[in-house]
Amino acid sequence: EKLDAQPVTTFPDEDKPGYIRHDPTTNQDSRLSVRELPALSFRVLHMLIHLSIWAGKLLGFTTGFSAIPSCRDTEAGYARTLIEQDRDILMNSLQLTLEDFSTLLHASIERLAVFCPEVQNLELSCGQKRREWEALFDKVIVKPIFSDPDQFV
């Protein structure tokens with residue numbers, strides 16, 4: 001199921017450009033994706049985004065994503081709910097233990113150092129640029145790690 005199957009035309013007041021809060025109950029479908037991003041890559045990206053939002057809130061940041069009203073105060077719990085849902089879906093779909101999943105998550109974070117230079121000059125100014133960025137994320141982060149988890153666990 002595509003989260004962006006229908007164009008989003010109205011936004012809750014607390015949403016800001018670059019982040020649209022969604023109901024955690026819609027996050028429980030393991031087939032969720034956006035644009036051409038495969039469901040597995042969407043799930044990994046979704047989790048990494050919410051991990052950074054949650055960590056920023058826990059560390060007390062008041063700028064960036066942590067400044068978005070939907071990520072403030074008790075909303076750290078909102079991000080944590082999404083993180084836990086993503087973790088459970090990934091663990092179940094890949095049949096991983098928590099320890100093995102944690103290893104893959106750490107490998108994904110380590111690969112960000114490879115990914116970031118490849119996309120540093122890629123402005124996400126239009127749909128095509130977002131698709132290019134997402135394709136690189138899938139190619140550099142997700143496929144090398146999650147296609148063959150046994151090499152890391």
Side-chain angles (χ1 to χ4, degrees), residues 1-4 15-24 26-125 127 129-153:
E1 177 186 340
K2 294 231 180 249
L3 285 178
D4 61 349
D15 287 331
K16 301 290 182 207
Y19 187 85
I20 299 171
R21 181 179 178 177
H22 62 89
D23 184 339
T26 64
N27 190 49
Q28 296 176 15
D29 186 341
S30 63
R31 301 165 296 156
L32 288 181
S33 65
V34 293
R35 290 174 287 281
E36 288 86 36
L37 196 60
L40 178 61
S41 296
F42 166 80
R43 188 62 61 184
V44 172
L45 179 59
H46 191 261
M47 183 174 192
L48 289 173
I49 288 169
H50 287 94
L51 278 168
S52 67
I53 291 170
W54 186 61
K57 181 60 193 161
L58 293 177
L59 294 171
F61 291 113
T62 57
T63 59
F65 280 119
S66 293
I68 296 170
S70 64
C71 298
R72 289 190 190 143
D73 304 323
T74 60
E75 296 301 332
Y78 165 77
R80 183 176 176 165
T81 296
L82 295 176
I83 293 163
E84 290 171 347
Q85 288 174 346
D86 290 339
R87 176 203 63 208
D88 293 345
I89 288 169
L90 287 165
M91 285 176 57
N92 289 333
S93 63
L94 297 170
Q95 299 179 333
L96 297 170
T97 65
L98 182 57
E99 183 178 347
D100 289 347
F101 173 75
S102 296
T103 301
L104 294 182
L105 179 61
H106 285 268
S108 300
I109 292 169
E110 287 176 3
R111 288 209 50 92
L112 288 172
V114 174
F115 177 67
C116 289
E118 289 195 32
V119 297
Q120 69 183 357
N121 295 320
L122 189 59
E123 293 182 27
L124 302 180
S125 56
K129 296 293 185 185
R130 290 184 198 289
R131 285 188 289 279
E132 289 175 29
W133 188 96
E134 290 166 350
L136 280 170
F137 180 82
D138 183 52
K139 176 183 169 188
V140 175
I141 302 287
V142 178
K143 285 186 179 166
I145 295 168
F146 291 89
S147 297
D148 184 13
D150 291 337
Q151 67 180 320
F152 293 94
V153 295

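Worth knowing before you read on, the calculation uses all heavy atoms, side chains too, and leaves out hydrogens, waters and symmetry mates.
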Looking at S102 and L98, would you say the former's side chain and the latter's main chain have a donor-acceptor pair under 3.5 Å?
yes
Enumerate donor-acceptor pairs with a distance under 3.5 Å from any side-chain N or O in residues 90-97 to protein atoms, sequence neighbours excluded.
| from | atom 1 | to | atom 2 | distance (Å) |
| --- | --- | --- | --- | --- |
| N92 | ND2 | D88 | O | 3.1 |
| S93 | OG | I89 | O | 2.9 |
| S93 | OG | L90 | O | 3.3 |
| T97 | OG1 | D100 | N | 3.0 |
| T97 | OG1 | D100 | OD2 | 3.4 |

From F137 atom CZ to L48 atom CG, the distance as rounded to the nearest 0.5 Å:
5.0 Å
Dump the intermediate steps for salt bridge (charged side-chain N to carboxylate O under 4.0 Å, His left out) on R130 and E134, then the final yes or no.
CA-CA 6 Å; R130 290 184 198 289; E134 290 166 350; over 6 Å; no
Check whether any side-chain heavy atom of H50 sits under 4.5 Å from a side-chain heavy atom of H46, and report yes or no.
yes
Return the set of residues passing side-chain contact (heavy atoms from CB on, under 4.5 Å) with K143 (not counting sequence neighbours), or none when no residue passes.
D138, S147
Would you give the length of the straight line joining atom CZ of R43 to atom CG of L37, rounded to the nearest 0.5 angstrom?
11.0 Å
Return all side-chain donor-acceptor pairs below 3.5 angstrom for residues 103-117, not counting sequence neighbours, or 'none' if the list is empty.
| from | atom 1 | to | atom 2 | distance (Å) |
| --- | --- | --- | --- | --- |
| T103 | OG1 | E99 | O | 3.1 |
| S108 | OG | L104 | O | 2.9 |
| R111 | NE | V140 | O | 2.6 |
| R111 | NH2 | V140 | O | 3.2 |

Output the distance between atom CZ (F146) and atom CD1 (I141), rounded to the nearest 0.5 Å.
9.5 Å
Under the criterion side chain to side chain contact (heavy atoms under 4.5 Å, CB included), I'd like the reasoning laid out for L82 against W54: C-alpha separation, chi angles, the key distance, then a yes or no.
CA-CA 10 Å; L82 295 176; W54 186 61; over 6 Å; no
